[in-house]
Protein chains: 2
Amino acid sequence: MKVTISDIAKKAGVSKSTVSRILNGNYGQNTKDTVDKVLKVIKELDYRPNALAQSLKSMKTNVIGIILSNLKNPFWARVLEGVEDTCRKNGYNLMICNSNEDELLEEEHIKAFLMRQVDGIIINATVKNDHLYKRLIDQKFPFVTINRKIPGLDIDLVTMDNVAGSMAGVEHLIGQGKNSIALFVYPQENVSPRLDRIEGYMKALISNGIEIDHSLIHVVEEKQGRVKEAVKKLLSTTNRPDAIFSTNNMMTLEILEGIKEMGLNVPKDISLVGYDETVWSMHLNPPLTTVYQPSYDMGELAAKRVIELIEKTGDLQPITHILQPNLIIRESCGTKKEEFISE
Amino acid sequence: MKVTISDIAKKAGVSKSTVSRILNGNYGQNTKDTVDKVLKVIKELDYRPNALAQSLKSMKTNVIGIILSNLKNPFWARVLEGVEDTCRKNGYNLMICNSNEDELLEEEHIKAFLMRQVDGIIINATVKNDHLYKRLIDQKFPFVTINRKIPGLDIDLVTMDNVAGSMAGVEHLIGQGKNSIALFVYPQENVSPRLDRIEGYMKALISNGIEIDHSLIHVVEEKQGRVKEAVKKLLSTTNRPDAIFSTNNMMTLEILEGIKEMGLNVPKDISLVGYDETVWSMHLNPPLTTVYQPSYDMGELAAKRVIELIEKTGDLQPITHILQPNLIIRESCGTKKEEFISE
DNA sequence: GTGAAAGCGCTAACAC
DNA sequence: GTGTTAGCGCTTTCAC
């Protein structure tokens, strides 16, 4: 059924090696006659080499594995596009897995990737499998982390400057005259982007001489309606804040709803800045001021780096690549004109 | 460096065949002693078989390839999740490619998948490579299309009932007393979902005794701002329509903006129904009535089907699986309460 | 109960 | 210039 190199060799009346040579462009040494003959048979039989056999021989698959945890979030879908484009342009195929933030699944996926002999792995780590990550880098396996820093391990990383992003958002609010700024974050995950955003919030306040009021920091569970509840409770206090800084794009939508249900107006009664620009941010009412993160670039850079690790000889020192977010100013803090503050 | 089956055999003092048997659970015939010994060495050396070699031998990779065209759209991200989950549960890995609606890229990807010996392919086809699709099904290669029907070819398909979805949306508008309903669609792609949505629109009108006014059908390019422009122009006419039916989730956002810029109110001045429920639909102002499509299910079913084609013997006849959309009624057509009209 | 050997499809070192 | 051969890591038939 399937046509192999032997079939070509037989039909062309040459040996497998000759076919292989011609296949791989080592024409130089062959008669034009042979080359033409072989090429013709290849065309005729529509022969395509079995990548499995090639890979087994060469111990290189030209496959990169990526493990993500939440494709639903457009941020990650965009990262994936960056990775995929870059892989394709460089002759690699992409194998994708979803860890769903589950460390057992993550382990399973990493092991499966290794068995499949992928050339490299890109991962948004759960940060709960340190022994595994460590083993990979100890073996000099091409391994690049994205978004989350893994504390205590020196691994290639492409991430965002979350402190800066957070500071930009909060300082914009301060610049608009706000000084009672509530912060909303999800709980649990003690991962760097979350911690850095909290840090950025605090830094912005401190460097502007505003005292940190811990009652304004709201850690709210990621369950349906919890954020809205918390917002409504917050806004019904006598001295309600004059601004909210949201650290997540889904969360922002719920905050908006809570504000609306309290009969309050953005930005007249309260200002709002969201984290993560999305396709819908500009279409909300009012158009939302958000922190844009170059997600496609993150994917692209991570893919480039893992390919570099695969193809370069000698061991490269781990590099951390930090991308800068931009604040996109719209109307949710009282400003009218839409503009970009660039890096 | 890498540990192979020979290493295990040597260290355990047995032959490769014995190790292989034990590895694959053919314990029955072996001494408990041998089994324990081998298992112990495997643990010690953290041996994991090379999937490449296994696949080359068995001619089965347990890899499924998927070709999509637009991950940015949350609809597709969700489909991908359904596919990925299902693959994982069934012991398959997923290889993903982006065709970007480009038939040359699509061809390249299909060929790469075949060279890599993937066990099956799922595709949202550009519908421009009929000869390729045909060749696959002629060879009985496990091949499942999603979303778009390929005219003239009898291929397994998992798709949505776009006629019904469109009808449900338009009939809801009619039920609210609207009888001048504008339709917005993107041009070019003569693909079944688009055509079916247009058909649904017409059917709904006809079956309700409303004459089709072709000046209300707007085919607008997918370029930044074009839709908004068209909406504004439409709404500045003397006898403007009393409702708009949008056939795409991105388009809907622009329509809303156009309406807003004209100083009009939804639903007071004009009603709006959007196609494709999204995370943000309920947070728009007003909360949007939309046609929900079970995208995760589509992914899941497509994956299940391709696995069935891979694992079942004998040739199965192509099946078309049509999923039913639901209309989610919110406030953009004058209704207040949010409710689900189920299938 | 276990081992030897062939072979999956390909590449490359070596011979002529 | 081209063919022969060995081998990538694994499975499996066939001996013993």
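Rounded to an integer number of Å, the gap from CG of Asn50(B) to P of dG9(C) is 17 Å. One atom, CD1 of Ile22(B), and another, C1' of dC10(D), lie 15 Å apart when rounded to the nearest Å. Straight-line distance from the CG atom of Leu23(A) to the P atom of dG9(C): 15 Å, rounded to whole Å. Between Gln117(A) atom CD and dC10(D) atom P the separation is 8 Å, expressed in whole Å. Atom-to-atom, CG of Asp36(A) to P of dG1(D) comes out at 15 Å; the value is rounded to the nearest Å. Counting to the nearest Å, the P atom of dG9(C) and the CE atom of Met115(B) are 14 Å from each other. In this structure, Arg48(A) places its CZ atom 13 Å from P of dC10(C), rounding to the nearest Å. We find that CG of Leu52(B) is positioned 10 Å from P of dC10(D), with the value rounded to whole Å.
More than 12 heavy atoms of other residues, nucleotides or ligands shown are found within 6.0 angstrom of NZ on Lys60(B). Other residues, nucleotides and ligands contribute only 12 or fewer heavy atoms inside 6.0 Å of the NZ atom of Lys134(B).
Residue contacts shown for Thr18(A) are limited to sugar-phosphate atoms, with no base heavy atom under 4.0 Å away. Residue contacts for Thr31(A): at a heavy-atom cut-off of 4.0 Å it reaches the sugar-phosphate backbone alone, with no base atom in range. Across all strands shown, Thr34(A) has heavy atoms under 4.0 Å from sugar-phosphate atoms exclusively, and none from any base.
For Ser17(A), counting side-chain heavy atoms from C-beta on, the closest listed nucleotide (dG9(D), dG1(D), dA12(C)) is dA12(C). Residue Lys57(B) places its side chain closer to dC10(D) than to any other of dC10(D), dC10(C), dG1(D).
Side-chain contact annotation: Glu103(A) with Asn129(A), donor-acceptor N/O pair under 3.5 Å absent.
Proximity of Thr4(A) to the phosphate of dG9(C): no side-chain N or O atom is located under 4.0 Å from OP1 or OP2. Close to dT11(D), at under 4.0 Å from its OP1 or OP2, lies a side-chain N or O of Asn24(B). Side-chain nitrogen and oxygen atoms of Ser20(A) include none within less than 4.0 Å of the OP1 or OP2 phosphate oxygen of dA12(C). OP1 or OP2 of dT11(D) has at least one side-chain nitrogen or oxygen of Gln54(B) nearer than 4.0 Å.
Using a cutoff of 4.0 Å between basic side-chain nitrogens and carboxylate oxygens, Glu308(B) and Lys304(B) are not scored as salt-bridged. Ion pairing between Lys11(B) and Glu44(B) holds under the 4.0 Å rule for side-chain N and carboxylate O.
Residue Met59(B) is the one, among Val19(A) and Met59(B), whose nearest nucleotide of DNA chain C lies closer to the 5' end (criterion: closest heavy atom). Between Arg21(B) and Ala53(B), the residue whose closest nucleotide on DNA chain D is further toward the 5' end is Ala53(B). Where Leu56(B) and Val14(B) each meet DNA chain C at their nearest nucleotide, the meeting point lying more 5' is that of Val14(B).
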